[in-house]
Amino acid sequence: MARYNAKESERHWQAEWDRRALFAAPDHSDKPKCYVLEMFPYPSGRIHMGHVRNYTMGDCIARFRRAQGFAVLHPMGWDAFGLPAENAARDGGVNPRDWTYANIDAMRSELKALGLAIDWSREFATCDPAYYAQQQKLFLAFYKAGLVYRSEADVNWDPVDMTVLANEQVIDGRGWRSGAVVERRKLSQWFFRITAYSEELLSALDGLERWPEKVRLMQKNWIGRSEGLRFQFTLSDGQKLDVFTTRPDTLFGASFVALSPDHPLTEQLAKTNPKLVDFIAECRKTGTAEAEIEKAEKLGFDTGLTADHPFDPDWKLPVMVANFVLMGYGTGAIFGCPAHDQRDLDFARKYGLTVTPVVVPDDADAKTFTVGKEAYTGPGKLANSRFLDGMTVEVAKAEVAKRLEAAGIGQRTVNYRLRDWLASRQRAWGCPIPMIHCAKCGVVPVPEADLPVKLPDDLNFQAHGNPLDAHPTFTRVKCPTCGGDAKRETDTLDTFVDSSWYFARFTDPKAQEPLNRKAVDYWLPVDQYIGGIEHAILHLLYSRFFTRAMHETNFVGLDEPFAGLFTQGMVTHETYTGPDGYLLPEQIEKRGDKAFLTGTDTEITVGPSEKMSKSKKNVVPPMRMIESYGADAIRWFMLSDSPPERDVDWSESGVEGCWRFVNRVYRLVDEAEGLPAPGTAITATDDVSKSLRQATHRAIAAVTDHLSGLRFNSAVAQLYTLANAISDGAKAEASARREALEALVLLCAPMMPHLAESCWQALGHSKLVAQSEWPRFDPTLVVSDSVTMAVQVNGKRRGEVTVPKTADNASVEKEALALEAVVRALEGKAPKKVIVVPQRIVNIVA
RNA sequence: GCCCGAGUGGUGGAACUGGUAGACGCACUGGACUCAAAAUCCAGCGCCCGCAAGGGCAUGUCGGUUCGAUUCCGACCUCGGGCACCA
């Protein structure tokens with residue numbers, strides 16, 4: 001019995017594909033194009049199962065579309081800037097560039113072992129000067145177009161390390177290395193004007209039909225369009241204060257006015273109030289993360305000022321400074337209506353402010369309705385609100401807006417939650433921002449002739465702060481305008497910038513300009529983009545913005561970069577805990593239901609499956625699995641069972657099952673006897689042959705449909721069914737068996753390409769599967785002429801009838817009523833009603 | 001705190017636009033082959049009652065709409081993702 005030699009076969013076919021350059025994408029082609037892209041990886045040094053899942057899915061689609069006759073672009077690159085390299089440089093004394101490229105080399109060879117149909121000639125890393133040079137040109141083009149500006153923004157500041165921290169480097173309010181309490185500090189930084197596109201980014205979501213609904217919804221909420229009212233309070237010191245509200249209807253429920261700690265008025269008041277200075281400092285101890293600010297205890301400070309109610313100058317509201325009012329949203333000042341906003345309520349309860357319900361649900365009594373610990377945010381009628389009483393929320397909103405507009409102190413406005421993109425980072429391992437600061441001329445762009453601004457190789461990562469600042473020569477530069485001494489910008493760009501246009505660069509990665517318009521016009525948009533759901537908002541929104549900005553600056557001719565998006569689930573594994581904490585799966589062995597430390601009697605606790613992570617040690621190195629079972633079995637596992645958008649649980653027994661199937665397919669082909677030559681006409685006269693042909697064509701139809709819809713797991717199930725049919729059809733005519741085997745091999749090929757090549761060769765073909773067309777099905781063989789319908793009595797299944805597809809309802813009803821089980825269930829009574837849904841079901845109502 | 005998902009046998013899951021719940025795989029059990037094992041092949045496999053025929057219960061929980069609900073609606077529970085400097 002022949003056993004499939006995965007290792008040898010995989011090496012052989014990978015070399016064959018390479019030799020023929022089969023996966024090199026053409027620059028232009030008469031064929032329809034299909035751009036398949038998986039989110040490019042961060043070069044951490046080793047691939048993990050999440051990568052395997054992601055790239056297997058993309059590869060499956062790329063191979064499938066190729067077979068269907070598309071010109072396919074399926075490239076790979078590296079998201080190579082970022083914190084880990086900088087950390088490695090600081091901890092291990094290595095050069096971040098050397099560290100990164102060594103990781104890339106290691107990961108590339110691991111990816112290649114998966115047998116991916118990738119055009120490696122287009123590979124690049126975002127840390128290649130050739131890439132970031134073009135990015136600097138884009139940045140300057142955006143700057144000229146007014147899409148880049150400089151402004152102040154808060155950062156997490158570590159006062160001991162004298163450095164800016166990422167949110168993930170702030171743990172419980174302290175710096176991860178120094179342990180110092182982190183402060184919020186203002187720095188002058190670079191922004192992209194993404195808010196210029198708020199409305200467009202929102203409305204265009206409707207057109208993204210091949211995006212998951214949930215991602216569109218997440219982006220919609222992120223952009224956060226709200227219609228509201230901006231109006232003025234007059235303060236007791238005579239100043240005017242602008243506030244924004246989405247609930248003008250609740251104006252008579254107001255019990256305070258609150259300012260952000262960062263509001264200009266707060267700063268002005270602090271000049272004469274040392275206690276307010278302390279309060280602002282207290283607020284600044286919370287990090288910059290929104291979750292942190294929202295979860296922090298509500299804090300307030302009474303300024304002593306009051307504000308006149310806009311409809312009643314005698315009604316004075318206290319003016320507070322509150323830590324939950326964000327300067328970046330609306331006007332940085334609000335009026336608080338505790339009864340109908342949870343944050344305002346928490347705040348009011350803490351500071352003993354009045355809580356007056358002004359919206360009463362329709363099923364409650366206005367006289368007795370009160371608000372306790374939970375604000376009422378639902379619909380209802382206005383109460384305690386003078387001229388608004390009895391109105392609905394919507395009518396009251398309009399009424400208040402109308403009156404305040406008429407009084408000249410209010411204006412209806414549209415507000416967005418979306419903030420401009422803070423894109424500068426105080427880090428050394430990133431794309432330098434091509435700007436120069438001159439004492440005389442201000443901020444001056446680096447002239448195009450002087451690009452790229454390259455990162456120096458000799459950075460000292462032991463110093464405090466940004467190593468670029470400490471570099472002896474990097475910052476020294478002459479002002480391009482006046483020629484005097486000036487200082488080079490040391491901020492680098494957010495790595496999200498690198499990943500906001502890489503998909504476009506792949507269309508011509510060696511172009512001397514950021515983008516080759518001809519190549520971009522041919523290949524974009526990406527037809528199928530695949531990646532993790534964790535990128536649902538930021539990366540995808542930034543890329544959508546960038547594409548619009550590149551359109552405005554004439555680098556591309558479209559607005560939406562990704563026509564189809566798919567977000568895959570995570571890879572999980574059970575966790576093992578021994579006496580000394582977490583253990584690696586390879587350290588344990590299972591005996592019966594229990595798990596033990598390998599080679600010992602120490603029992604191990606088996607925990608639930610969780611996302612594979614280094615900290616929980618529940619990781620399985622893909623390369624070890626590929627060594628044991630071959631890439632095809634691993635690829636097959638990744639696509640079977642779990643639907644791709646859901647998490648998949650890695651299990652050894654599951655992979656073993658896949659490995660058995662690999663061998664089963666090989667054996668079916670290897671042991672098939674008496675097959676006619678390839679291309680022989682198919683005959684099928686007996687029933688066994690006919691039903692095998694039917695199974696074959698149904699499988700072709702189903703697998704084609706499932707792969708088109710990215711339902712890999714369903715495609716896999718159909719292939720198991722076809723393999724079973726081939727086993728059952730061992731006595732079928734040889735030509736029908738050849739047809740079935742060829743279909744099986746071709747349909748398996750996108751998922752198990754190496755096995756498919758070996759089988760295809762064994763079936764006597766000289767062309768490769770990778771050069772073969774996708775099989776077609778005969779529609780007449782897919783349908784059958786009779787149908788089995790379930791028969792229910794009062795919704796409970798009592799039997800079934802098999803009738804010709806063309807049977808009319810009356811004859812189906814007659815046959816159903818004649819069933820013994822139906823007669824018994826009816827107990828002699830006449831049916832009240834009989835529902836016959838043709839070709840589906842019969843329901844008899846007794 | 002806010003936003004977004006997901007819950008179906010021992011297990012991963014399938015079920016087209018509301019129409020036979022559990023396809024297909026894994027695990028398990030029994031059998032064949034073998035000196036033995038591996039591999040392979042055959043059979044069984046939601047739960048409860050029953051010798052059986054058959055009946056009842058079942059898609060996180062509780063309600064609702066419907067001739068009929070895993071699918072639609074409402075409330076709740078549990079788990080997961082995102083929250084702007086991780087990528």
Side-chain angles (χ1 to χ4, degrees), chain A residues 1 3 39-42 44 79 81-84 155-156 164-170 212-215 217-222 224 288-296 298 324 328 342-343 346 417-427 494-496 498-499 532-539 541-542 567 569-570 572 608 610-611 640-643 645-649 651 653-658 660-661 663-664 667 705 711 713-714 716-721 724 727 788-797 799-800 821 824 832-835 837 839-846:
Chain A
M1 187 186 297
R3 208 169 152 85
M39 290 180 185
F40 66 165
Y42 179 80
S44 57
D79 192 8
F81 275 134
L83 272 182
V155 294
N156 295 308
V164 176
L165 298 177
N167 281 340
E168 73 155 13
Q169 295 174 317
V170 180
E213 186 56 41
K214 68 169 168 178
V215 174
L217 191 56
M218 283 163 88
Q219 293 218 348
K220 185 183 168 203
N221 289 333
W222 186 260
T288 58
E290 184 181 305
E292 215 182 323
I293 294 167
E294 290 274 347
K295 265 190 270 187
K298 305 281 177 286
F324 63 92
Q342 193 59 46
R343 287 169 306 183
D346 294 344
R417 205 185 75 99
L418 182 67
R419 309 200 296 258
D420 274 334
W421 174 9
L422 199 180
S424 51
R425 298 288 181 268
Q426 293 68 47
R427 317 225 172 273
D494 180 1
T495 57
F496 273 124
D498 311 336
S499 56
I533 184 69
E534 67 274 18
H535 293 293
I537 297 174
L538 294 181
H539 163 58
L541 193 63
Y542 290 155
T567 55
M570 300 178 301
T572 63
E610 296 183 54
K611 177 182 179 167
S640 14
D641 288 355
S642 286
E645 69 278 10
R646 248 191 262 173
D647 292 351
V648 64
D649 194 45
S651 75
S653 58
V655 188
E656 274 165 18
C658 293
R660 281 202 294 272
F661 185 69
N663 281 290
R664 189 169 164 217
R667 258 193 338 270
D705 184 50
R711 294 181 298 274
N713 57 321
S714 299
V716 164
Q718 290 298 327
L719 287 166
Y720 277 115
T721 307
N724 290 343
S727 298
T788 301
M789 296 167 68
V791 178
Q792 300 179 331
V793 176
N794 289 334
K796 276 200 168 58
R797 186 179 176 278
E800 57 185 37
R824 194 168 46 230
K832 280 187 194 143
K833 192 173 165 192
V834 180
I835 295 151
V837 183
Q839 296 183 38
R840 288 197 195 274
I841 205 162
V842 181
N843 192 8
I844 298 159
V845 186

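The chains referred to below are lettered A, B, ... by the order of the sequence lines, with proteins before strands, and numbering in each begins at 1.
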Parallel, tilted or perpendicular: which one describes the rings of His535(A) and Phe496(A), with boundaries at 30° and 60°? perpendicular
Please determine if a side-chain N or O atom of Ser714(A) lies less than 4.0 Å away from the OP1 or OP2 oxygen of A14(B). no
Winner on side-chain proximity to Lys214(A), out of G5(B), U20(B), C83(B), is G5(B)
Would you say Arg646(A) places a side-chain N or O within less than 4.0 Å of OP1 or OP2 belonging to A6(B)? no
Looking at every strand, decide which applies to Asp649(A) at a 4.0 Å heavy-atom threshold: base, sugar-phosphate, or nothing. nothing
Just call it for Lys832(A): base, sugar-phosphate, or nothing, with non-hydrogen atoms closer than 4.0 Å on any strand. nothing
Could you tell me whether G9(B) is syn or anti, where syn means a glycosidic angle within 90 degrees of zero? syn
Which nucleotide sits closest to the side chain of Ile841(A): U20(B), A87(B), U40(B)? U20(B)
Does G12(B) have its OP1 or OP2 closer than 4.0 Å to a side-chain nitrogen or oxygen of Asn713(A)? no
Is there a Watson-Crick or G-U wobble partner for G50(B) with both distances under 3.5 Å, and if so, which one is it? none
Check every atom of G55(B), C67(B), C24(B) against the side chain of Thr721(A) and return the nucleotide holding the closest atom. C24(B)
Can you check whether Arg660(A) has a side-chain N or O nearer than 4.0 Å to OP1 or OP2 of A27(B)? yes
Taking only the side-chain heavy atoms of Asn221(A) (C-beta and beyond), determine which of A14(B), C3(B), A87(B) contains the nearest atom. C3(B)
From the candidates C4(B), G19(B), C86(B), the one with an atom nearest any side-chain atom of Asn167(A) is C86(B)
